[in-house]
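The shown structure was predicted, so the numbers you read here are calculated from the model rather than taken from an experiment. Along the sequence shown, residues are numbered consecutively beginning with 1.
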Amino acid sequence: MRRKPDVDIGPGRAATSSVIQALLAELSENELKQVAVAVIRENRSRLQKAQELFEEVSRLDAAGSRDEHLGHLGHLGHLGHLGHLGHDYWIAMLNLHAQHLIVSLVIERLGFVPEVDGQRPVLN
């Protein structure tokens with residue numbers, strides 16, 4: 001049975017990336033590969049959700065809708081008055097970028113991008 005990682009995760013104790021790195025250090029290469037596949041799948045899911053919300057916000061904005069569904073998204077442009085859809089998009093983007101950090105740290109630790117769902121990684 002794996003022991004609890006020796007990481008203090010209390011408020012103000014350690015940066016998120018340090019905690020993630022400490023957790024990853026406890027894993028075997030096979031376990032790390034499984035985690036990499038899982039976080040890549042999660043990243044794809046979050047990307048899809050953010051894209052769908054963006055398309056809906058864009059569609060409503062193009063139609064001139066200024067109801068409670070849209071929101072002002074700061075640097076992303078004026079999209080109407082503060083509303084639920086804009087808020088949901090903003091949260092989706094925050095979650096997506098947080099997931100990017102996790103994917104980056106896992107892949108860095110693993111040393112390569114694994115095949116996911118039969119797809120080889122596309123590297124630029």
If we only count heavy atoms from C-beta on, is the [X] to [Y] side-chain gap below 4.5 Å?
X: Arg120; Y: Val113; value: no
X: Leu110; Y: Val35; value: no
X: Arg44; Y: Gln48; value: no

Between atom [atom1] of [X] and atom [atom2] of [Y], what is the distance when rounded to the nearest 0.5 Å?
X: Ser45; Y: Ile40; atom1: OG; atom2: CD1; answer: 13.5 Å
X: Tyr89; Y: Gln51; atom1: OH; atom2: CD; answer: 8.0 Å
X: Glu108; Y: Ile20; atom1: CD; atom2: CD1; answer: 11.5 Å
X: Leu32; Y: Phe112; atom1: CG; atom2: CZ; answer: 8.0 Å
X: Leu53; Y: Met93; atom1: CG; atom2: CE; answer: 10.5 Å

Can you list every pair that meets side chain to side chain donor-acceptor pair (under 3.5 Å) and has a residue in residues 32-42, with sequence neighbours left out?
Arg41-Asp117, Glu42-Arg46

Apply side-chain hydrogen bond (donor to acceptor under 3.5 Å, both in side chains) to the pair Glu55 and Ser58, showing each step before the final yes or no.
CA-CA 5 Å; Glu55 289 171 5; Ser58 296; over 6 Å; no

Is the shortest side-chain N to carboxylate O distance from Arg59 to Glu56 below 4.0 Å?
yes

Less than 3.5 Å apart, which donor and acceptor atoms pair up between the side chains of residues 95-103 and the rest of the protein, not counting sequence neighbours?
from: Asn95; atom 1: ND2; to: Ile91; atom 2: O; distance (Å): 3.4
from: Gln99; atom 1: NE2; to: Val39; atom 2: O; distance (Å): 3.1

Any side-chain donor paired with an acceptor under 3.5 Å for Glu115 and Gln119?
no

